[in-house]
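Please read all numbers here as calculations on a predicted model, not as lab measurements.
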Protein chains: 2
Amino acid sequence: MSETKWLSADERNAWVKLTAVLELLPAALDLQLSRDEGLTHFEYFTLAMLSEAPKRMLRTSALAARTNATLPRLSRVVTRLEGAGLVERSPCAEDRRATNVALTEGGWQKVVAAAPGHVAAVRRLVIDSLTPAQVENLSEILTVVVKQLDPDGRMLASDS
Amino acid sequence: MSETKWLSADERNAWVKLTAVLELLPAALDLQLSRDEGLTHFEYFTLAMLSEAPKRMLRTSALAARTNATLPRLSRVVTRLEGAGLVERSPCAEDRRATNVALTEGGWQKVVAAAPGHVAAVRRLVIDSLTPAQVENLSEILTVVVKQLDPDGRMLASDS
DNA sequence: TAGCCAAACTTGCAGGTACAATTAAGTTGT
DNA sequence: ACAACTTAATTGTACCTGCAAGTTTGGCTA
């Protein structure tokens with residue numbers, strides 16, 4: 001039962017700013033994507049992860065790890081995206097419990113169409129107001145933070 | 001109709017890390033607070049904003065601005081917190097359309113009780129892995145970002 | 001090869017949030 | 001003084017997510 005070590009003024013200031021970003025940035029990203037493309041940021045991110053995978057296909061649980069979604073959540077998102085014709089489910093040959101999720105041609109084109117607007121939003125909201133040195137600092141700082149949040153690196157995995 | 005200006009490798013790396021934090025950090029904060037105190041991070045934040053206000057009281061819309069919640073969302077959160085005895089609604093004397101939301105004594109004690117665990121989580125997940133210089137850099141960087149996200153500074157308002 | 005535990009989803013149910021419509025009260029213009 | 005407009009807050013409806021339970025398949029052990 002130790003004394004609480006409170007935050008210093010600098011620490012507190014950084015934290016307040018971070019909570020503001022946590023609250024505002026997801027909403028801003030969702031707004032642009034749903035307005036322009038009818039996708040949530042999470043749906044876009046899911047499609048983007050698939051688009052970068054070999055053969056544009058991943059097993060459901062690998063996709064869940066990359067998007068940091070729970071399996072139930074991803075299952076329903078995939079159902080929606082499948083309904084929109086953007087992805088396809090297929091049984092996995094090696095393990096018949098598993099299902100593969102693959103981007104359809106339409107899904108690929110959706111990602112290609114949505115990417116420029118999304119990147120523009122990322123630039124406008126974050127990147128373009130920072131100096132190159134700040135971008136690099138931010139990257140280093142967040143690398144450390146992510147290591148605390150996701151020690152196993154599930155979200156950045158490069159394996160199959 | 002201009003060409004898309006894609007992200008450089010550095011920019012992309014910073015962005016990937018930021019999206020990871022956006023996904024993981026809220027979940028981690030919610031986990032600690034709901035496990036230890038039965039509060040969501042948003043509920044805790046709402047109580048904390050009230051605790052810092054003069055007389056521990058704010059009008060609903062001022063509280064909504066500080067927490068960046070929509071009015072409907074805040075209305076329901078306040079209803080829940082009121083049900084738990086942590087806040088009280090009272091009609092506003094100057095403007096009878098408005099309602100004031102005030103922390104009860106129990107609500108104040110809840111904040112006091114919850115703060116140490118929350119601060120510990122903030123330290124563990126973010127602050128303590130960074131050098132003082134990184135904390136300051138982070139603060140500067142996020143100040144710029146917040147300016148893009150919230151140009152009017154609603155979330156950091158110091159007025160009534 | 002029979003039996004048992006673990007893994008990969010999927011679905012039922014409960015809870016929280018957004019958007020739109022609603023109610024009530026202040027403000028403005030004539 | 002009254003009608004039209006704006007603002008503050010709440011509620012109806014629909015959707016999304018988490019947790020827990022269920023189903024099918026894989027792997028391990030006797």
Side-chain angles (χ1 to χ4, degrees), chain A residues 22-35 38-46 57-84 87-102 154 157 160, chain B residues 22-24 26-35 38-46 57-84 87-102 152 154 157 160:
Chain A
L22 249 36
E23 195 64 43
L24 296 169
L25 189 45
L29 295 172
D30 274 334
L31 181 65
Q32 182 270 320
L33 279 166
S34 67
R35 181 169 33 79
L39 293 173
T40 64
H41 179 244
F42 183 77
E43 289 166 344
Y44 173 80
F45 192 72
T46 302
M57 180 190 294
L58 246 32
R59 280 160 71 143
T60 301
S61 37
L63 185 55
R66 270 187 187 54
T67 57
N68 197 55
T70 59
L71 236 21
R73 179 184 183 187
L74 187 65
S75 178
R76 279 164 167 132
V77 171
V78 168
T79 301
R80 287 201 299 276
L81 293 174
E82 198 173 28
V87 305
E88 258 174 3
R89 277 192 246 241
S90 59
C92 176
E94 301 102 43
D95 184 342
R96 283 174 12 215
R97 292 171 301 179
T99 62
N100 289 318
V101 181
R154 294 194 331 142
S160 67
Chain B
L22 249 36
E23 194 66 44
L24 297 169
L29 295 172
D30 275 335
L31 181 64
Q32 182 270 319
L33 278 167
S34 68
R35 178 169 37 78
L39 292 173
T40 64
H41 178 244
F42 183 78
E43 288 166 343
Y44 173 80
F45 191 72
T46 302
M57 180 191 296
L58 283 170
R59 280 159 74 142
T60 302
S61 37
L63 185 55
R66 272 192 186 49
T67 57
N68 197 55
T70 60
L71 238 18
R73 177 184 184 187
L74 187 65
S75 178
R76 282 169 164 126
V77 170
V78 168
T79 300
R80 288 202 298 277
L81 293 174
E82 198 173 27
V87 305
E88 258 174 3
R89 276 191 245 240
S90 58
C92 175
E94 302 101 44
D95 183 342
R96 283 171 18 212
R97 292 169 302 179
T99 62
N100 288 318
V101 181
D152 303 337
R154 295 193 332 143
S160 65

> Can you tell me how far the CG atom of B:L24 sits from the CG atom of A:N68, to the nearest 0.5 Å?
4.5 Å
> Has A:S61 got a side-chain N or O lying under 4.0 Å from the OP1 or OP2 atom of C:dC9?
yes
> A:A98 side chain: which of C:dA8, C:dT11, D:dT10 is closest?
C:dA8
> May I ask you to evaluate whether A:T99 reaches the phosphate of C:dC9, defined as a side-chain N or O under 4.0 Å from OP1 or OP2?
yes
> So, the side chain of A:S75 versus the backbone of A:L71: is there a donor-acceptor pair under 3.5 Å, distance only?
no
> Atom OG of B:S34 and atom NE2 of B:H41: how far apart are they, to the nearest 0.5 Å?
12.0 Å
> Rounded to whole angstrom units, what separation is found between the CD atom of A:E94 and the P atom of D:dT24?
22 Å
> Show me the protein contacts with nucleotides 19-23 of chain D, counting only N or O atoms at under 3.5 Å.
none

> Is there a donor-acceptor pair under 3.5 Å between the side chain of B:T46 and the backbone N or O of B:F42?
yes
> Mind calculating the distance between CZ (B:R80) and P (D:dT10) to the nearest angstrom?
13 Å
> For the helix from C:dT1-D:dA30 to C:dT30-D:dA1, how many degrees between its two end axes (five pairs per end), to the nearest 10°?
10°
> Would you confirm whether A:D30, through its side chain, and A:T40, through its main-chain N or O, come within 3.5 Å as a donor-acceptor pair?
no
> Round to the nearest Å and state the distance from B:E23 atom CD to D:dG18 atom P.
8 Å
> Counting side-chain heavy atoms from CB outward, which of C:dT10, C:dG26, C:dA18 is closest to B:D95?
C:dG26
> Under 4.5 Å between any side-chain heavy atoms of A:R89 and A:T79, yes or no?
yes
> Report yes if a side-chain nitrogen or oxygen of B:R89 is closer than 4.0 Å to either non-bridging phosphate oxygen (OP1 or OP2) of D:dT10; otherwise report no.
yes
> Using atom CG of B:L71 as one end and atom P of C:dA20 as the other, report the distance to the nearest whole Å.
15 Å
> For D:dT24, does OP1 or OP2 lie under 4.0 Å from any side-chain N or O of A:R96?
no
> Between atom CG in A:L58 and atom P in C:dA8, what is the gap in whole Å?
14 Å
> Could you give the CG-to-P distance, from A:D30 to D:dC15, as a whole number of Å?
17 Å
> Hey, is the side chain of B:R97 pairing donor to acceptor with the base of D:dT7 inside 3.5 Å?
yes
> Nearest heavy atom decides the nucleotide; on that basis, is B:S75 or A:E43 closer to the 5' end of DNA chain D?
B:S75
> Got more than 12 heavy atoms from elsewhere within 6.0 Å of CD, B:E82?
yes
> Is any side-chain heavy atom of B:L22 closer than 4.5 Å to a side-chain heavy atom of A:L25?
yes
> Establish, with yes or no, whether the OP1 or OP2 oxygen of D:dA8 is under 4.0 angstrom from a side-chain nitrogen or oxygen of B:T60.
no
> In whole angstrom, what separates A:N68's CG from D:dT17's P?
13 Å
> With a 4.5 Å limit on heavy-atom distance, are the side chains of A:L58 and A:N100 in contact?
no
> Mind checking whether A:R59 and A:D95 have side chains closer than 4.5 Å, heavy atoms only?
yes
> What is the distance, to the nearest angstrom, from the CZ atom on B:R73 to the P atom on D:dT11?
18 Å
